[in-house]
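These values consider heavy atoms only, across backbone and side chains, with no hydrogens, waters or symmetry-generated copies.
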Amino acid sequence: MTRLKFFLSLLLCICTHTIKANSKDIFFLDPVIVDQSFDDFSESQHSPNLILDNNGYLLTYQIDGVDGCNVKTIRFHTDPQFNTISEYFLFDSTQSPLVPTVCQIGNKKPFFWFSRHINTQSNDTLFEQQLMLYDGDRPTEEELEKIHSLYTLERANSYRPQFMNAGNRIYCEILKKELSDPGNNRYEFFLRSLDSASSDIYPLNLHFSANGKTALTEYGDSLLIIKSWVFCTEDENLNCIKWATGYKAYIVFENKIQSIHALSSNEISDKNLQPDDIFVRSVNGENLFALRQSNQLMKINLETMSFEELLDLSLYTNQKYKKIIPIQTVDYCIVILIDDDNNSTIMRFDPQYQFVDSVSIPFEGNVTEISDFVYDKSQDKLSYAYAANLFENNSPTRIFLQSVLFDKDLVLTPASELPDRFTLSQNYPNPFNPTTTIKYSIPQDGHTTIDIYNLLGQKVSTLYDANQTAGEHFLNWDASKQSSGIYLVKVSYDNQTKTIKTMLLK
């Protein structure tokens, strides 16, 4: 396991590492492991989904264990590190929910997941797509009764649906299946919509095919769908030798296609050059589309219904990525690039799309999944969640939360602000091998003792026993001489005692 290193600064009360970049630095905060008390190593956490709403950060993820799977939702606030407020939603495990997706649409939250069940006749495992809308922080009993079952699949598809509000409808675009056309890489998408006031689902649905993931945006009261397309223009002996390819725009109103426009079109002789995924984010007040195959950032001229290039990323990289995410920050347009191995890079560009710098995003462990990237303009901060193996590739995965600061002065708190009470945080990492860091705070100068006990109540080590100044403190424990197991960390101060449980796993 790669060990996390904590850097204690005299001026800052938080751990970061810094990337120099022109006028402003990039600060990567140390990742925070979710659910520190989660000691059951028969269970894994994965499929992280992170959103930011008016009440803070909402993390939803799947738990796999010996008794099946479940979905858990936790509310966080940041200052700027993540701190748990409350776990407030946990499914009935008999539903076996998996691959959750939550997003914010107005004052509604669409909640999408799969339910796994067995076909009693064929004994096949089936996956049913479930969708509901709820208000506020937690679903009510009435809202839980309005679960819509969309489609049943023979195998789970981890494609996360897209949601978009247009008019009085909330649209849900889901991937149903891969079409039987192996040479064309075509997928079938279905578009469902719900009444944004009543949460009732409209009976009609629209389906279409595309060569990769689509992009959805508002278009007045209508929905704009951008999809890739390819068709044969010349064949010989029933074998296609030339193709036309590009991207199309579908304008959809009330689940009906109103018009179709060819945004780009060109002939290709190599089938591998066909377009695929397209991603969209709002940048500088307009929609910016990222074309995965060509590494281009485009905008749409709505008068001519055609693409206009803003940035050619191939000038800065010759690598292909599975995901390209443009995001507007306070000072920059950043582009997040994620490759097939989940290695991720941030490229920064100025408002005129001139290159500023690029930096790799650090992760802890072997990353298996990454959530969407969430940007908080008020703090000029980018946050994300990811699932990673703690130790070896076959070990259970845990969810980590991490943030990137583009302006530390907006977020970080001076160390001169002393804590108002005695606190002991969960050590990190936990589980650990063989070192971990213990974090605690004392409001006034006083005598502090830190002892380690095993589960038999025997003291195995005293880490600290002396007077200490007020403030936040970090203490490293090297347990290389101890055997694997669960230990108790006991911190005593001013006739007060606090204890946490930790696991050493060698």
Pair [X] + [Y]: ring centers closer than 6.0 Å:
X	Y	result
Phe279	Tyr321	no
Phe355	Tyr353	no
Phe406	Tyr332	no

_Lys322/Asp340 salt bridge by N-O under 4.0 Å criterion_ = no

*Asp135/Lys109 salt bridge by N-O under 4.0 Å criterion*: no

*Should the ring pair Phe208 and Phe189 be called parallel, tilted or perpendicular, given that the plane angle runs from 0 to 90° and is split at 30 and 60?*
parallel

*Would you call the rings of Phe307 and Tyr247 parallel, tilted or perpendicular if under 30° counts as parallel and over 60° as perpendicular?*
perpendicular

*Minimum-distance pair of heavy atoms, taken over all atoms of Tyr375 and Lys381*: CD1-O, 3.3 Å

Under a 3.5 Å distance rule, please check whether [X] uses its side chain to pair with a backbone N or O of [Y] as donor and acceptor.
X	Y	value
Gln402	Leu29	yes
Ser115	Phe127	no
His148	Leu133	no
Thr368	Ala387	yes
Asp53	Gly56	yes
Asp380	Leu405	no
Tyr219	Phe253	no

*Hey, are Gln130 and Ser149 close enough side-chain-wise for a donor-acceptor pair under 3.5 Å?*
yes

*asked:* Among Arg292, Lys213, Lys320, exactly one meets salt bridge (charged side-chain N to carboxylate O under 4.0 Å, His left out) together with Asp277. Which residue is that?
replied: Arg292

*For Asp221, does the CG atom have more than 12 heavy-atom neighbours from other residues, nucleotides or ligands under 6.0 Å away?*
no

*asked:* Using the side chain to side chain contact (heavy atoms under 4.5 Å, CB included) definition, which of the options Asn70, Val34, Val71 pairs with Tyr61?
replied: Val34

